[in-house]
Amino acid sequence: MATAGYVIVANNQFPARNLAELIAAAKAQPGKIAIGSAGNGTLNHLFGEMLGKATGIDLVHIPYKGAAAAVTDLVGGQVQVSVQSLPSSISFIRSGKIKVLGVVNEKRVAALPDA
């Protein structure tokens, strides 16, 4: 079949440039950083919750009705970060509308060798 990577992405105005900086910002401002997902119970949502649990940070979950709506609001700045599948976010990443903070996969994603 196929596999798709997942990435932690951020609005370009959000100051963090990588995952370590996101964690530091979230620890400095608990409950102030919004993370958008494709909806409650989706992989995007669960990966965001796992990130919070693993690092001890408190992100505010904003569920959307699908990945497209979440990415649209990420680009527009209504949420600061999101965990997205590569297919739903790659065009926004390549066009420079959002930035990658890290990947969720065990290995680097071939389409994003610098992430």
Side-chain angles (χ1 to χ4, degrees):
M1 298 289 239
T3 60
Y6 278 82
V7 289
I8 301 167
V9 289
N11 173 278
N12 284 332
Q13 307 311 309
F14 187 64
R17 294 169 298 175
N18 55 49
L19 192 53
E21 290 180 9
L22 166 62
I23 294 166
K27 286 186 176 186
Q29 306 171 55
K32 301 283 186 197
I33 298 172
I35 182 168
S37 79
N40 287 321
T42 61
L43 280 177
N44 314 64
H45 175 210
L46 297 176
F47 285 145
E49 293 296 324
M50 290 170 62
L51 173 65
K53 275 256 196 245
T55 61
I57 59 175
D58 179 23
L59 301 171
V60 178
H61 176 234
I62 310 295
Y64 287 88
K65 292 182 179 180
V71 172
T72 298
D73 271 8
L74 179 68
V75 171
Q78 284 77 16
V79 294
Q80 291 81 34
V81 296
S82 185
V83 178
Q84 291 290 323
S85 69
L86 200 53
S88 67
S89 60
I90 191 71
S91 64
F92 294 98
I93 294 166
R94 287 187 175 151
S95 68
K97 293 183 179 176
I98 58 176
K99 59 186 170 184
V100 178
L101 303 181
V103 297
V104 177
N105 303 37
E106 290 180 9
K107 299 178 185 176
R108 288 187 188 271
V109 176
L112 301 168
D114 296 330

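All heavy atoms count here, side chains included; hydrogens, waters and symmetry mates do not.
Between the NZ atom of K27 and the OG1 atom of T55 there is a distance of 6.0 Å, given to the nearest 0.5 Å. Atom CG of residue D58 and atom CD1 of residue I35 lie 11.0 Å apart, to the nearest 0.5 angstrom. The CZ atom of R94 sits 10.0 Å away from atom OG of S89, with the distance rounded to the nearest 0.5 Å.
Residues K32 and Q80 come closest through the heavy atom pair O-OE1, 4.1 Å. Residues A10 and V81 come closest through the heavy atom pair CB-CG1, 3.9 Å. Summarising the geometry of V79 relative to A70, their closest heavy-atom pair is CG2-O, 4.4 Å, with the distance given to 0.1 Å. In terms of heavy atoms, S88 sits closest to V71 at O-CG2, 3.9 Å. Contact between G31 and V60 at its shortest, heavy atoms only, is O-CG2, 3.1 Å. What you find for G5 and P87 is that their closest heavy atoms are O-CD, 4.4 Å.
A heavy-atom distance below 4.5 Å is not found between the side chains of L101 and V9. In this structure, the side chains of F92 and L74 stay at 4.5 Å or more apart for every pair of heavy atoms. Side chains of L51 and L19 form a contact here, defined as non-hydrogen atoms less than 4.5 Å apart. Between P63 and H45 the shortest side-chain heavy-atom distance does not fall below 4.5 Å.
With hydrogens and angles disregarded, no donor-acceptor distance shorter than 3.5 Å links the side chain of S82 to the backbone of Q84. Under the 3.5 Å distance criterion, the side-chain polar atoms of N11 are matched with a main-chain donor or acceptor of V75. Counting only distance, with no hydrogens or angles, the side chain of E21 and the backbone of R17 share a donor-acceptor pair below 3.5 Å. Between the side chain of K99 and the main chain of A16, a donor-acceptor pair closer than 3.5 Å is present. Looking only at distances, a side-chain donor or acceptor of N12 sits under 3.5 Å from a matching main-chain atom of K97.
Between F47 and Y6, the ring-plane angle classifies as perpendicular under the 30° and 60° cut-offs.
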(message) Would I8 and L22 count as a side-chain contact (heavy atoms from CB on, under 4.5 Å) here? Give the steps.
(response) CA-CA 10 Å; I8 301 167; L22 166 62; 4.2 Å; yes

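The side chain to side chain contact (heavy atoms under 4.5 Å, CB included) test with V7 is passed by exactly one of V83, I93, I98: I93.
Residues I33 and L46 do not share a hydrophobic cluster, clusters being chains of Ile/Leu/Val/Met/Phe/Trp/Tyr side chains in contact below 4.5 Å.
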